[in-house]
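A quick write-up on the structure given underneath.
Treat the numbers as computed from the prediction; the structure is a model and nothing was measured.
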Amino acid sequence: MIASLAGLGTLAVVSWSVFFLRHRRPEDPGTAAAVKRGASATEQAARNEMSTADNELRFSTTATDVLLARCDELAFGLAPADKPFSAHEAVLERIGQGLAAAIHQRDYFPRRPLLLPRLLQMLNDDESTRQDVVRLLLDDPALAGNVLQRANSAYYRPSPMPIDSLDAAVRALGTDGLRGLVASAILQPVFRVPKGIFEDFAQITWEQAQRSARAAETGARSAGSADPFVAQLLGLLRPLARIVLFRLAMDIYSGHPDLSPHAEVFARSMRRHASSVARLIASSWALPDPSLLALDEQLHEQPPSSMSMLGRCLYYGELCGAAAMLEARGMLDRDDAETLLTTQGLPHDDARRMLQAALSADRE
């Protein structure tokens, strides 16, 4: 079970800070200067971060910030070092100003998927039969195909023989498997963006969403006091918010023909606003209070030890999803990933399970 934070050693934080800062692209002159000063400055920063660790570890640290920043680099690539940023400040400001209006525009803000409530109600109804579920799935051929595909994955298939009927697929997946599949399958089309600049963004964001959601689900299942499906659904919302912000930013850039979209504008806007947009999505979908609380905990950057169980599953799920993204590309060692997670207060056994789940998400 995900336990309360214990006292953590300074050495682990220092080693992670040194590792990540060596691979970090500085965001501003102050950060660049700190990197150039080397390990001594890093050690001092780590000691400062650990000054409150015996009580409550911070929501974000040098290591977690750089972990997420490296995923941004995968999504957007590295901006040329000589490309000035000051001209783009107005775009960044307009993104923040446009969020309130964007939630009312279908081009930016996704409405609640219509099939999701119907199917979830059926899956939660003890009187519904497998045949009822199959009939509903047949109303959506694409979703039915996804059910068959997932049932034939190594994670679910009970024997070497392929599953070729929807009824058998529903039986193999079970209620939990179907609930998770429905959330992913219904939301996946929203993650598509027009081809053009930053063409890797949508694919990378969808992959990270799947990995984070799978890790959050596994954490909830291990904890036993949080709904695994809800944890999985919430794990998809922050990446979904990034898609909303991407579309909004691209639209704002269309009004500035003299500027080419700058990767740092997208990355900064997502760091600043993704949590608030995820909260807006959840509210517009009328998600229940425990879900809104878990998202509020991320928005207000509460220490993980003070979060609800669902909030902690969401918090650690995102870190596991990011770590799995890098590990899958040979950019991060498993031992280093587990060190980061345990340093942030996640028990080692949970860290191993959630990381493995995040890594296996692309094989289900």
Side-chain angles (χ1 to χ4, degrees), residues 1-20 46-47 49-68 71 155 176 180 208 210-235 238 290-291 293-295 297-298 300-328 332-361:
M1 181 179 293
I2 301 176
S4 299
L5 298 179
L8 302 170
T10 302
L11 180 60
V13 174
V14 171
S15 64
W16 259 101
S17 300
V18 172
F19 172 81
F20 272 124
R47 280 193 288 270
E49 288 179 349
M50 287 301 298
S51 63
T52 59
D54 289 340
N55 298 314
E56 289 184 329
L57 192 67
R58 295 178 182 178
F59 178 90
S60 62
T61 65
T62 300
T64 61
D65 286 347
V66 180
L67 175 71
L68 299 175
C71 291
Y155 187 84
D176 287 342
Q208 191 168 353
Q210 289 180 293
R211 295 188 187 281
S212 298
R214 187 73 177 88
E217 175 195 8
T218 299
R221 198 177 301 282
S222 176
S225 57
D227 188 317
F229 169 73
V230 173
Q232 183 184 40
L233 180 62
L234 295 183
R238 187 176 168 91
S291 299
L293 172 62
L295 291 167
E297 290 166 342
Q298 317 306 309
H300 299 304
E301 298 191 349
Q302 291 183 207
S305 60
S306 68
M307 290 182 184
S308 63
M309 185 60 70
L310 185 58
R312 284 150 69 182
C313 292
L314 179 57
Y315 172 76
Y316 291 122
E318 181 174 9
L319 293 181
C320 287
M325 289 280 294
L326 300 181
E327 182 177 340
L332 183 64
D333 293 331
R334 171 63 63 87
D335 289 345
D336 289 334
E338 291 182 3
T339 298
L340 181 146
L341 292 166
T342 55
T343 297
Q344 284 303 107
L346 184 63
H348 189 259
D349 287 346
D350 287 315
R352 292 179 61 186
R353 278 193 293 267
M354 293 175 71
L355 272 174
Q356 187 56 46
L359 282 165
S360 66

Spacing of [atom1] belonging to [X] relative to [atom2] belonging to [Y], to within rounding of 0.5 Å:
| X | Y | atom1 | atom2 | value |
| --- | --- | --- | --- | --- |
| Leu57 | Ser306 | CG | OG | 11.0 Å |
| Ser360 | Arg214 | OG | CZ | 5.0 Å |
| Arg353 | Leu346 | CZ | CG | 9.0 Å |
| Arg58 | Gln344 | CZ | CD | 11.0 Å |
| Leu314 | Gln232 | CG | CD | 12.5 Å |
| Leu326 | Leu68 | CG | CG | 9.0 Å |

* Asked: Side-chain donor-acceptor pair under 3.5 Å between Ser60 and Glu301, yes or no?
  -> no
* With sequence neighbours left out, what residues match Arg334 under side chain to side chain contact (heavy atoms under 4.5 Å, CB included)? -> Glu327, Glu338, Leu355, Gln356, Leu359
Heavy-atom distance under 4.5 Å between the side chains of [X] and [Y], does that happen here?
| X | Y | answer |
| --- | --- | --- |
| Thr64 | Leu319 | yes |
| Met307 | Phe59 | yes |
| Leu341 | Asp350 | no |
| Glu297 | Tyr315 | no |

* Verify, without hydrogens or angle tests, whether Ser222 (side chain) and Thr218 (backbone) share a donor-acceptor contact under 3.5 angstrom. =>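 Side chain of Ser222 to backbone of Thr218: no pair is present.
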* Donor-acceptor pair, side chain of Asp227 and main chain of Phe229, under 3.5 angstrom -> yes
For [X] against [Y], the heavy-atom pair lying closest together:
| X | Y | answer |
| --- | --- | --- |
| Ser291 | Val230 | OG-CG1, 3.3 Å |
| Ala220 | Pro228 | CB-CA, 3.7 Å |
| Ala215 | Met354 | O-CE, 3.3 Å |
| Ala322 | Gln208 | CB-NE2, 4.0 Å |
| Gly321 | Ser212 | CA-OG, 3.5 Å |

* **Partners passing side chain to side chain donor-acceptor pair (under 3.5 Å) against Glu318 (at least two apart in sequence or in another chain)** =>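 Expected list: Arg238.
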